[in-house]
K.L.:
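Structure below; questions to follow.
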Amino acid sequence: VFPLRKNEEAAVVEWGNSAIISALDGVVASFGPQTSLGAFFEVETAPVLASPLNGRGSKSNIPLQQQEEEKEKEEDTAAVVDIPYPGPLDNANDVHGNMVVMTNEDSNMSAVAMARVAKESGAAALMIVNIDPENPDSIYTMQPENEQEAKYAEEHIDIPVIMVSLSSGNLITTATYEEGMAEEDIPNNGMPERVRLYAAGDRPFFEDVVSQDPVLYLIHNLLNQEECEMLMNSARDKFVSLDDTVSNLLEHVVVEKDKQPRAVGVEHVMLWKGQLDGHMGKQMDERIEQVTGYPKDQLSDWQILKYEQGSKYELHYDYHPIYSPVATITVFLNQLSGSDGESGGSGGGEMVYPKAGKDMKPIMIQPKSGLAVVHHNTDFEGHFDFASLHGDLPVDGGVKFIARKFVYAAPLPWSQRVILPVLAFPMGGKLPRWVISLHNYLLDAFGLEKGTVYFDQLCTLLPVLFMLGLASVVAYIVKIKTMTMTTTTTEAVMMGSSKVEDANKKNKKKKKGKSD
């Protein structure tokens, strides 16, 4: 059952300048006053590789007699005896005041023991790279192995201790490497000159679920509360029943081969915003592009789904015969009643993946506001991944809202990014029914490939026809006004001439009367 990670356990390691910033996610240890209970911390320093890399090398633990002597010198707790360790690092002078980078490969030390090695080497922070070749994105929260370790950590470990994945470790140790560079010319063992380590807080961070079959991971805090509420408000009063027995390929409603419904009691609406999206919408797309690496012009608009009491979505695939998505991003927009968002709850509505992973054990993901679920619909070779089968369990309490974006292999056509949002603008992003009917008609009449081409061409012609029509209307109005002005002027001239003639006649009569 996921999610397993919590906001207060998340850390970020960042380096670079204002133009190019690189970052990786870490998980904070559960021990030590600075690294537990959601404590805030920030360290800016140089990263230094430990020597030996795993903190031990071929060294054995310090003999008990030496530990006893240290105990007498410190006149302190017996916890020192209970935490075996091999002594400070060989390069303790270089480590002093910096963030030391160690691995847990064959160290035979607990996380607390490794933290002790770092602390007694003078480190300002410790980064442990989790060596797991079968799952290079795996990280977990490090904990004391017993009460003695917990007590020792509480009294002695006052530096941030984080774990990063093998993939992240490879990233930071190749940050300064350039192709063709000799090993002796690589600065700082490939690591940046300085890094900043800080608590993630409400920033987006990753949680790996399955690395393949299918690729499945979570992004915490992808959307904030204000953005979630904005999407729910935008969809309000626009929902219609999701009938997946009737094809609507334009809005990604695909009929299954057995023509049986999968969506039960589910309502939906597609919010066509495209290039017309507001500031907050563009911010969301830019964040998704930055966090996931998917270009925003390859993302669909938001599809909002509403699940009420008893609503569910039976197991299905995210497949499309025209624009088949390579990945799907699903974001929970709200918290269900009975769910605390951290430890789970009784609100139901979990997403389930019954075939995920090598052991094919069902994976459940509980709703949590702002949490994104990302799964790949294709494998690394581009073939459809049948392990991506998924569904939504019935909602037991409250109303569940989710927002979905589909990620495509190529940029979406201009018609979907500009024209359809323009047509949907008067209805707040909801596409008029006649547009969907026209799309369905063209597909039925000419087939999927030609029908799609004709629809896109028609959408391209619409602005031209609109401009021509607008130009004709403007020309007609100008013509009418011109004719009206001409008629008015002619009448005024004729009236003026008539008045002049009348005046001349009167003058002649007056002159004639005077002569008589």
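FYI, side chains are in, hydrogens and waters are out, and symmetry mates aren't considered; it's all heavy atoms of this structure.
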K.L.:
With a 4.5 Å limit on heavy-atom distance, are the side chains of His96 and Ser121 in contact?
P.N.:
no

K.L.:
Would you please classify the geometry between the His376 ring and the Tyr217 ring as parallel, tilted or perpendicular, with 30° and 60° separating the classes?
P.N.:
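Rings of Tyr217 and His376: perpendicular, as their planes differ by over 60°.
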
K.L.:
Taking the six-membered ring of Trp302, is NZ or CZ of Lys273 closer than 6.0 Å to its centre and within 45° of its axis?
P.N.:
no

K.L.:
Does the distance from a Lys or Arg side-chain N to an Asp or Glu carboxylate O, for Asp106 and Arg56, drop under 4.0 Å?
P.N.:
no

K.L.:
Search all heavy atoms of Tyr408 against all heavy atoms of Tyr323 and return the closest pair with its distance.
P.N.:
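Looking at all heavy atoms of both residues, the closest pair is CE2-O, 2.8 Å.
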
K.L.:
Assess, by modelled atom type and distance only, whether the side chains of Glu267 and Tyr307 contain a donor and an acceptor separated by less than 3.5 Å.
P.N.:
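Short answer, no.
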
K.L.:
Under a 4.0 Å threshold between the charged nitrogen and the carboxylate oxygen, would Lys306 count as salt-bridged to Glu308?
P.N.:
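A salt bridge is present here (some side-chain N lies under 4.0 Å from a carboxylate O).
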
K.L.:
Do Gln303 and His252 have a side chain donor and acceptor closer than 3.5 Å?
P.N.:
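There is no such pair between these side chains.
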
K.L.:
Side-chain contact test, heavy atoms from C-beta onward, threshold under 4.5 Å: evaluate it for Phe401 versus Leu231 and give yes or no.
P.N.:
no

K.L.:
Using a strict threshold of under 4.0 Å (side-chain N to carboxylate O), is an ion pair present between Asp301 and Arg417?
P.N.:
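Salt bridge between Arg417 and Asp301, a charged N being under 4.0 Å from a carboxylate O: no.
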
K.L.:
How close do Ser311 and Gly265 get, heavy atom to heavy atom, and via which atoms?
P.N.:
OG-O, 2.7 Å

K.L.:
So does Arg116 pair up with Glu149, basic N to acidic O under 4.0 Å?
P.N.:
no

K.L.:
For the pair Phe386 and Tyr317, name the ring-plane relationship: parallel under 30°, tilted 30 to 60°, perpendicular over 60°.
P.N.:
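If you compare the ring of Phe386 with that of Tyr317, the planes turn out perpendicular.
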
K.L.:
Do Asn130 and Ser165 have a side chain donor and acceptor closer than 3.5 Å?
P.N.:
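Per modelled atom types, Asn130 and Ser165 side chains form no pair under 3.5 Å.
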
K.L.:
Could you tell me if Asn377 and Thr328 have a donor-acceptor pair between their side chains, going purely by distance under 3.5 Å?
P.N.:
yes

K.L.:
If you count heavy atoms of other groups shown closer than 6.0 angstrom to CD of Glu193, is the number above 12?
P.N.:
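No, not enclosed.
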
K.L.:
What pair of heavy atoms forms the shortest contact from Ala11 to Ile162, and how long is it?
P.N.:
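Smallest interatomic distance, heavy atoms only, reads CB-CG2, 3.9 Å.
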
K.L.:
Please determine whether the number of non-hydrogen atoms from other residues, nucleotides or ligands lying under 6.0 Å from atom CD of Glu184 exceeds 12.
P.N.:
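For Glu184, atom CD is crowded (more than 12 foreign heavy atoms under 6.0 Å).
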
K.L.:
Minimum heavy-atom separation for Asp244 and Ala263, please, with both atom names.
P.N.:
OD2-N, 3.1 Å

K.L.:
So, Glu9 versus Thr141: side-chain donor-acceptor pair below 3.5 Å or not?
P.N.:
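Yes.
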
K.L.:
Under a 4.0 Å threshold between the charged nitrogen and the carboxylate oxygen, would Arg196 count as salt-bridged to Glu14?
P.N.:
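Yes.
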
K.L.:
What I want to find out is whether Asp258 reaches Arg262 closely enough, with some N-O distance under 4.0 Å, to be called a salt bridge.
P.N.:
yes

K.L.:
Quick one: do Lys400 and Asp392 make a salt bridge, cutoff under 4.0 Å?
P.N.:
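Between Asp392 and Lys400 there is a salt bridge, with a charged N closer than 4.0 Å to a carboxylate O.
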
